[in-house]
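Working notes, beginning with the structure itself.
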Amino acid sequence: MLSDEIKQTIQGAYSQFLTSQGLKARYGQKLMIAEIARTLAGIKTDENHRRVSDGQVCVVEAGTGTGKTVAYLLAAIPVAQLLNKKLVVSTATVALQEQIVYKDLPELKQHSGLEFSYSLAKGRRRYLCLNQLDRVLHEQQSASDPTRALYEDEMPDVSEEDIVLYRSMMDALASGDWDGDKDDWKDELENKVWFRVTTDHRQCTGRKCSNVSQCSFFKARDDQSNVDIIVTNHDMVLSDLALGGGAILPAPEDSIYVFDEGHHLPDKALNHFSSHVRVISTTRWLDQCIKSVGPLLSDLGESMQVSRLVESLPNDLTATKSNMELLWPQLQALAGDLADSQEKSPKYRFPGGEVPERLRELALNLHQDFVRLHGKFEKLCQEVEDLLEDKYGPIPKVDLENWFPVLGLWSGRAEASIQLWSSYAHKDAASLMPKARWLTLFDTGAYVDIEICSSPILAANNLTTNLWNQCCAAVVTSATLAALGHFERYRMRSGTPEDSVYQIVPSPFNFANARFQVPATAFDASKAEQHTQSVIEQLPELINVDEGSLVLFSSRRQMQDVFEGLPSRMQRIILLQGERSKQETIRTHKLRIDDDEGSILFGLASFAEGLDLPGNYCKHVIIAKIPFSVPDDPVEASLAEWIDAKGGNAFMEMSVPDAAIKLVQACGRLLRKESDEGTITVLDNRLLTRRYGKTLIESLPPYNLYLNK
């Protein structure tokens with residue numbers, strides 16, 4: 001229950017913030033503050049400050065314009081400080097992360113009267129590793145460089161242009177013009193260029209590193225130890241939880257989490273709990289490991305324990321490589337038809353997650369192989385780490401620091417293989433949800449590879465075990481969490497506890513400012529060719545070429561076909577997603593509108609969410625068809641299969657709620673501030689002719705409806 005002291009602190013801070021900013025209280029915002037404060041204030045802790053009560057999760061759907069960030073910060077900061085907990089604010093996008101750190105928190109601190117400190121937390125991969133940069137500059141990936149065996153199958157050699165860039169990085173660090181943060185570098189950096197000069201937890205020697213005093217990551221991490229609020233992202237939280245919690249961020253039991261853009265959390269979690277192994281790539285890597293054993297023994301052989309471990313590696317690596325090679329004909333037989341597919345990366349899914357017996361036998365052998373390799377790699381890592389502690393040891397520190405990241409990455413790669421082959425070696429228990437298992441064909445340009453994949457079909461169990469049951473408390477918020485008026489879809493996918501507080505708070509927008517229409521000429525989108533032709537015919541009549549418009553498609557092929565079928569006068573003002581960067585596309589669109597020109601954006605799913613085009617930047621949103629999920633996604637297909645096998649109706653339990661969420665998100669691109677107005681048009685008459693259409697329409701905000709039956 002809220003104490004009078006906390007209640008007065010929150011109310012006073014809110015009142016002071018509104019007055020100082022010249023703002024009026026919003027009903028939805030007040031309701032959100034109250035629900036979060038009540039939930040968090042109900043937490044009970046023991047003498048060790050660990051939570052002993054339930055009901056610690058608050059799930060709030062709050063539409064655009066509610067002021068979600070201010071609401072959860074005002075409610076959570078005083079309670080977190082009272083309970084002596086860290087407030088960890090997690091987002092899905094860099095844009096929101098930066099808005100919170102550089103705008104929302106400074107404004108709140110200045111205008112609310114609350115006293116708090118905060119910092120931005122990023123993973124090691126966002127920071128430069130001086131050891132890696134030194135290695136690239138000194139050795140320039142020469143043939144003798146042991147790390148070459150790490151990356152040879154994953155990226156091309158270092159170019160002269162790259163070396164110039166790396167030298168400029170070193171100069172910028174030395175002069176103090178750069179702090180080693182990727183996001184603060186003056187230009188955008190390609191992943192393959194950045195990957196060479198950064199590291200992860202497995203390759204990092206930590207406080208034993210000779211460059212630790214200048215390490216960008218540890219400087220940033222040290223800054224977090226004494227702050228009240230840490231702003232980070234979902235991937236970082238999930239990575240920390242996968243390491244047991246408390247490895248990168250504060251421990252879950254010492255944290256109150258806020259997951260903004262929380263609708264992304266289940267999918268992000270699925271990615272973290274899935275496993276992938278490429279067959280040819282792994283075989284080549286094992287071969288590179290075999291070739292690296294000699295240099296490894298030469299550099300580290302003076303340690304007797306290292307020598308004994310390394311001497312047995314060639315046989316283990318060769319045996320594992322041989323078993324990997326036995327896989328290829330088995331997989332080719334299963335994936336044979338994929339080579340004729342027109343898809344970029346065609347997939348073969350194992351129905352019910354069941355794999356053939358021969359493949360299961362090979363998987364069991366490989367599981368045992370990689371368990372053995374991983375054990376030896378881990379022992380080698382520990383031995384090298386111990387040698388780093390010995391200032392007067394027989395092996396030069398530079399050699400130890402060169403090999404530690406190599407061995408760390410070998411260990412990580414072996415561990416990932418263990419997880420994958422364990423999934424394929426063992427049948428799913430009848431009482432548990434099956435896993436999705438599938439093959440993906442990849443054409444690397446140099447060769448064709450097959451990726452073997454496994455994933456849970458829902459993230460609920462993993463999130464329950466690692467997050468909800470461990471944390472002190474959590475708040476989940478987004479503009480789209482409920483589907484069809486309730487939270488069952490989100491609860492199924494995320495595993496939020498049954499006793500969580502679930503609340504939908506109203507938006508301050510007048511949705512009647514938006515005309516929502518399905519024209520009489522709209523066609524059934526399940527008939528692909530005819531539907532595409534109907535979109536081509538209708539767009540010139542629907543779009544005002546002197547205004548800003550957004551047209552959303554569910555497939556790139558249809559987007560391209562529609563563009564090519566339109567008259568040239570329209571093509572000239574259309575900006576297609578993918579032809580340039582997203583930022584450049586939006587910038588060009590806004591410049592045109594600012595210059596009183598017309599501009600039309602053609603976009604896919606990523607333009608249907610998070611795109612902010614207020615006022616004249618978007619007066620008309622056109623949605624080509626109901627945004628049902630792509631049917632060939634292996635995880636979604638496996639989930640649907642499981643629901644149907646249990647006697648459910650996957651279409652009504654999964655496809656329709658998912659489409660409802662996506663439709664609300666797409667429509668939400670129109671009204672971005674209270675004064676906005678315009679039109680939303682859906683060119684799919686299934687909204688009017690199918691039984692589920694009425695359900696989808698009823699799930700929308702109260703737009704001004706014009707439904708031509």
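- The two residues R372 and D316 come nearest to each other via the heavy atoms NE-OD1, 3.7 Å.
- Under the 3.5 Å distance criterion, the side-chain polar atoms of W468 are matched with a main-chain donor or acceptor of S494.
- A side-chain donor-acceptor contact under 3.5 Å links H272 and D235.
- Annotation: side-chain hydrogen bond (donor to acceptor under 3.5 Å, both in side chains) contacts of E385 (sequence neighbours excluded): K208.
- Checked by atom type, the side-chain pair T283/W285 shows no donor-acceptor distance below 3.5 Å.
- In plain terms, the two heavy atoms of F563 and L576 that are nearest each other are CD1-CD1, 3.3 Å.
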### Query
Step by step, would you call V535 with F523 a side-chain contact (heavy atoms from CB on, under 4.5 Å)?
CA-CA 8 Å; V535 174; F523 202 82; over 6 Å; no
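- Side chain of H374 to backbone of G412: no donor-acceptor contact under 3.5 angstrom is found.
- No donor-acceptor pair closer than 3.5 Å links the side chain of S411 to the backbone N or O of G408.
- Between the side chain of Y424 and the backbone N or O of C453 there is at least one donor-acceptor pair closer than 3.5 Å.
- The number of heavy-atom neighbours closer than 6.0 Å to CD of E361, taken from other residues, nucleotides and ligands shown, is above 12.
- Side-chain contact between L313 and L373 is present, with heavy atoms from C-beta onward closer than 4.5 Å.
- Here the side chains of C289 and W410 are in contact, with some heavy-atom distance below 4.5 Å.
- Side chain of D449 to backbone of R278: no donor-acceptor contact under 3.5 angstrom is found.
- Side-chain atoms of T318 come within 3.5 Å of backbone atoms of P314 as a donor-acceptor pair (strictly under, hydrogens ignored).
- With values rounded to the nearest 0.5 angstrom, C381 atom SG is found 10.0 Å from L409 atom CG.
- Applying the ring-ring contact (aromatic ring centres under 6.0 Å, His included) rule to W185 yields the partners W178; only residues at least two apart in sequence or on another chain are considered.
- H264 is linked by a side-chain hydrogen bond (donor to acceptor under 3.5 Å, both in side chains) to E609, counting only residues two or more places apart in sequence or in another chain.
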### Query
Does the pair L696 and V656 meet the rule for a side-chain contact (heavy atoms from CB on, under 4.5 Å), with working shown?
CA-CA 8 Å; L696 291 173; V656 172; 4.0 Å; yes
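- The distance from the OG atom of S581 to the CD atom of E188 is 7.0 Å, given to the nearest 0.5 Å.
- For the residue pair T585 and Q577, no side-chain donor N or O sits within less than 3.5 Å of a side-chain acceptor on the partner.
- A salt bridge is defined here as a Lys NZ or Arg NE, NH1 or NH2 lying under 4.0 Å from an Asp or Glu carboxylate O, and D162 with R196 meets this definition.
- Remark: T532 OG1 to M559 CE distance equals 12.5 Å, nearest 0.5 Å.
- Each of S274, S422, S423, S275 was checked for a side chain to side chain donor-acceptor pair (under 3.5 Å) with S454, and the lone residue meeting it is S423.
- Contact between L663 and P627 at its shortest, heavy atoms only, is N-CG, 3.7 Å.
- Atom CG in L639 sits 5.0 Å away from atom CG in L458 (nearest 0.5 Å).
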### Query
Going through the distances and angles, do Y447 and F442 end up as a ring pair (Phe, Tyr, Trp, His ring centres under 6.0 Å)?
CA-CA 8 Å; Y447 56 90; F442 281 97; over 10 Å; no
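- With W194 as the aromatic partner, K192 does not meet the cation-pi criteria of under 6.0 angstrom to the ring centre and within 45 degrees of the ring axis.
- In this model, no donor atom of one side chain and acceptor atom of the other lie less than 3.5 Å apart for N461 and T464.
- Under a 4.0 Å N-O distance rule, the pair E636/R493 qualifies as a salt bridge.
- Looking at N323 and D369, their side chains do bring a donor and an acceptor atom within 3.5 Å of each other.
- In this structure, the side chain of D240 does not engage the main chain of G245 through any donor-acceptor pair within 3.5 Å.
- Looking only at distances, a side-chain donor or acceptor of N466 sits under 3.5 Å from a matching main-chain atom of N462.
- Remark: side-chain polar atoms of Y166 are not paired, donor with acceptor, to backbone N or O of V197 under 3.5 angstrom.
- The closest side-chain heavy-atom distance from Q665 to H263 is below 4.5 Å.
- To the nearest 0.5 angstrom, R686 atom CZ is 4.5 Å from I626 atom CD1.
- Of all heavy-atom pairs between R580 and L575, the closest is NH2-CD2, 3.7 Å.
- Remark: S90 pairs with T232, H234, V237, F259 by the side chain to side chain contact (heavy atoms under 4.5 Å, CB included) rule, at least two apart or across chains.
- Other residues, nucleotides and ligands contribute at most 12 non-hydrogen atoms within 6.0 Å of the NZ atom of K379.
- A donor-acceptor contact under 3.5 angstrom links the side chains of E261 and T93, judged on distance only.
- Between K182 and N191, some side-chain heavy-atom pair lies under the 4.5 Å cut-off.
- Scored by the side-chain hydrogen bond (donor to acceptor under 3.5 Å, both in side chains) test, Y692 finds no partners at all (sequence neighbours excluded).
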### Task
Please step through side chain to side chain donor-acceptor pair (under 3.5 Å) for the pair S312 and K376, ending with a clear verdict.
CA-CA 9 Å; S312 64; K376 291 187 177 181; 2.8 Å; yes
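- Scanning for ring-ring contact (aromatic ring centres under 6.0 Å, His included) contacts around F602 gives F553, with sequence neighbours left out.
- The environment of NZ in K582 is crowded: more than 12 heavy-atom neighbours from other residues, nucleotides or ligands sit within 6.0 Å.
- There is a side-chain donor-acceptor pair under 3.5 Å between R413 and S281.
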### Task
Just do the side-chain contact (heavy atoms from CB on, under 4.5 Å) check on M324 and L327 with the steps written out, would you?
CA-CA 5 Å; M324 286 295 299; L327 272 176; 4.1 Å; yes
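- Taking 4.0 Å as the cut-off between side-chain N and carboxylate O, R124 and D200 do not count as a salt-bridged pair.
- A salt bridge is defined here as a Lys NZ or Arg NE, NH1 or NH2 lying under 4.0 Å from an Asp or Glu carboxylate O, and E641 with R349 meets this definition.
- With S417 contributing its side chain and F370 its backbone, the two residues share no donor-acceptor pair below 3.5 Å.
- L270 is listed as a side-chain neighbour of P456, based on a closest heavy-atom distance under 4.5 Å.
- For Q132 and R135, the side-chain atoms include at least one donor-acceptor pair closer than 3.5 Å.
- The distance from atom CD of E451 to atom CG of L420, rounded to the nearest 0.5 Å, is 8.5 Å.
- S629 and K662 share a side-chain donor-acceptor pair at under 3.5 Å.
- Counting heavy atoms from C-beta on, the side chains of D658 and R489 come closer than 4.5 Å.
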### Query
Run the side-chain contact (heavy atoms from CB on, under 4.5 Å) check on L334 and F350 step by step: do they pass?
CA-CA 9 Å; L334 290 166; F350 295 98; 3.7 Å; yes
